[in-house]
Colleague: 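Questions regarding the structure given below will be posed in turn.
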Amino acid sequence: MFKNAFSLYYDGFRSMVLGRTLWKIILIKLFIMFAILKVFFFPNFLETNFATDAERADHVLSNLTQSAADNH
Amino acid sequence: MIEQIDLTMVSWARATFALTAMYHWIFVPLTLGLSFICAFFESIYVKTGDEHWKKLTRFWMTLFGINFAIGVATGIILEFEFGTNWSNYSWMVGDIFGAPLAIEGIAAFFLEATFFAVMFFGWNRVSKKAHLFATWMVAIGSNLSAVWILIANGWMQHPVGMTFNPDLARFEMTDFAALVFSPVAISHFVHVTGSAFLYASLFVVAVSSWYLLKKRHIKFAKRSLTVACTFGLLASLFVAYTGDEHAYHAANVQPMKLAAMEGLYDGEHSAGLVAAGLLNFSKKPGDDEDSFIFQVKVPMVLSLLANRDVNSFVPGINDLVFGNEAENIMGVKEKMVRGKLAVSGLGDYKAAKKAGDQAAATKALSLFEENSDYLGYGYLDYAEQAVPYVPLIFYSFRVMVGLGTFFILLFMVYLFLLYKDQLEKQPLLLKLGVFSFVLGLVAHEAGWIVTEVGRQPWAIQDLLPVTIARSNLDAGTVEVTFFMFLILFTALLIAELKIMAKQISIGPEGE
């Protein structure tokens, strides 16, 4: 069973023609997305700037209630 | 409040999200629809044993694979954007979206990853029926992935099954079934997937029409067209039906969106549907100008579509902004007062909790809870801010509906001419068939514009405007990422078009 499953993937990947090009595109794309874009341009704002969930909640709550003073 | 926020940042963040979503949506519907079309082709092969259907299946499966490979993971960029540009929103909805998106990830991984290998590598290695089963599972799995994303989007249009936790500033799920079986989410899902089937059918029509124009692979093209046009016609009719349901729900839970779709400023009993019209771009809520320079209306149809009653009242933008006592419609101005009480209650609650004053905290929480349904209105400065950009929504809606009607006719004419064996003698129609794929994309994107621009200014309907949903970032950072994505996605699109064109030019194996 496992041998058959392994050989399905092994032979499949070995016999790819167009698939090789597609896999290259997928890998380049994933590299750009996760190793460049995510790391350098898309840090998680709350994860990066606050250490705990309590601080994150407090920050969001502050954003939500900024105008509270204006309403008094 | 809104003046204090960097609106340039919000605009760039919205533009980046729109760009990403619109590019992502070039690939996704083709995956959703082509997976089923491949399953249909292969089912015919298994049923008839005719090897020509196998060649046909393998060819379309290759194009499906190309599209899948180029499009896969482009949606993850949307999640990056949530965390970076929309962190307030992301934090607030984490509890709601966590479950659907986790189910989506698991279902997609197990169903698609497992059966994809059998679908592409399993020809001649597993039995015909086992292979067909794998193909169907890929189709079902791909579409099931879409269910969860569209449920999440449906929740943003009509938030249900949750409560707001004022200590954590999060919406927390209280009723999973209400979220999943929300009529808005369901109508959203069926309309979107139906339109994906239609779009993929147009893709098959375009490629097959090109073969007929070039007088290549004639039998292959005719067989492909017969299945795709039948599927496309059924999908088109289904999309028209579900679109009606979608508009009906909008009338109930997003009446401002419906009013913008119709350019309706003053509500009417027995309201007519604008079949065609030229909007007056200088029209503003509350002024005396005409909303249309020219319009053709179908009497009473809008009331029928919105409320299933030809005599019913359909509120216009002015009714919704300024209120209409006679029709018992609360205006945005009044909602703003209540929204500001909710914001104030939340602020006082936070301050009282910090000070350890339990009595004051209870009182403030009570004020918040009494008015929390209008929370989002508390962040508006003036009532007209609750009105989305009417011309874009009005014309996008007409483009979508007009093209949807055209596709029904196109599929019917194609099927008739296929039946009469006259299709090859219609070069103009075949050229139109090739071009129809582009029209399908335009219709799709127009539909998303109606849905997403139509709900502005809300990230979550009535509860959170986009101006509060954003992160505290400067506009420059977001602007840079907009252009980076523009380059990345354009490169991916060019790669897809080149590989796809080459494969189409080669044609099916052994033909």
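Chain identifiers are assigned alphabetically (A, B, ...) following the order of the sequence lines, protein sequences preceding nucleic acid strands; residue numbering begins at 1 within each chain.
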Colleague: Measure A:I28 against the heavy atoms of chain B and call it side chain, backbone, both or neither at under 4.5 Å.
Modeller: neither

Colleague: Go through B:L464, B:V480, B:L375, B:I70 and name the one with the most non-hydrogen pairs under 4.5 angstrom from chain A.
Modeller: B:I70

Colleague: Could you go through B:Y89 and B:F82, starting from their C-alpha distance and side-chain angles, then the distance that decides it, and tell me whether this counts as ring pair (Phe, Tyr, Trp, His ring centres under 6.0 Å)?
Modeller: CA-CA 7 Å; B:Y89 162 85; B:F82 281 139; 5.3 Å; yes

Colleague: Contact part of A:L8 toward chain B, heavy-atom cut-off under 4.5 Å: side chain, backbone, both or neither?
Modeller: both

Colleague: So what's closer than 4.5 Å to chain A heavy atoms on B:F485: side chain, backbone, both or neither?
Modeller: side chain

Colleague: Please state whether the side chain, the backbone, both or neither of A:L18 comes within less than 4.5 Å of a heavy atom of chain B.
Modeller: side chain

Colleague: With no hydrogens and no angle check, just 3.5 Å: does a side-chain donor-acceptor pair link B:T31 and B:N67?
Modeller: yes

Colleague: Below 4.5 Å from any heavy atom of chain A, which atoms of B:V126 appear? Answer side chain, backbone, both or neither.
Modeller: neither

Colleague: Please answer whether the main-chain N or O of B:R470 pairs with a side-chain N or O of B:N88 as donor and acceptor at a distance below 3.5 Å.
Modeller: yes

Colleague: Check whether B:Q503 gets within reach of chain A through its side chain, its backbone, both or neither, counting any heavy atom under 4.5 Å.
Modeller: side chain

Colleague: Is B:N165 in contact with chain A via its backbone, its side chain, both, or neither, using a 4.5 Å heavy-atom distance?
Modeller: neither

Colleague: Does the Lys NZ or Arg CZ of A:R56 fall within the cation-pi geometry relative to B:W91 - under 6.0 Å from the ring centre and within 45° of the axis?
Modeller: no

Colleague: Between A:S7 and B:R125, does any side-chain donor sit less than 3.5 Å from a side-chain acceptor?
Modeller: yes

Colleague: Given a strict heavy-atom distance threshold of 4.5 Å, which part of B:K354 is in contact with chain A: side chain, backbone, both, or neither?
Modeller: side chain

Colleague: Side chain from CB out, backbone as N, CA, C, O: work out which of these in A:D58 comes under 4.5 Å of a heavy atom of chain B, or both, or neither.
Modeller: both

Colleague: Indicate yes or no: does B:K335 engage B:D462 in a salt bridge with an N to O separation below 4.0 Å.
Modeller: no

Colleague: Among B:I76, B:T84, B:L488, which residue satisfies the side-chain contact (heavy atoms from CB on, under 4.5 Å) criterion with A:L37?
Modeller: B:L488

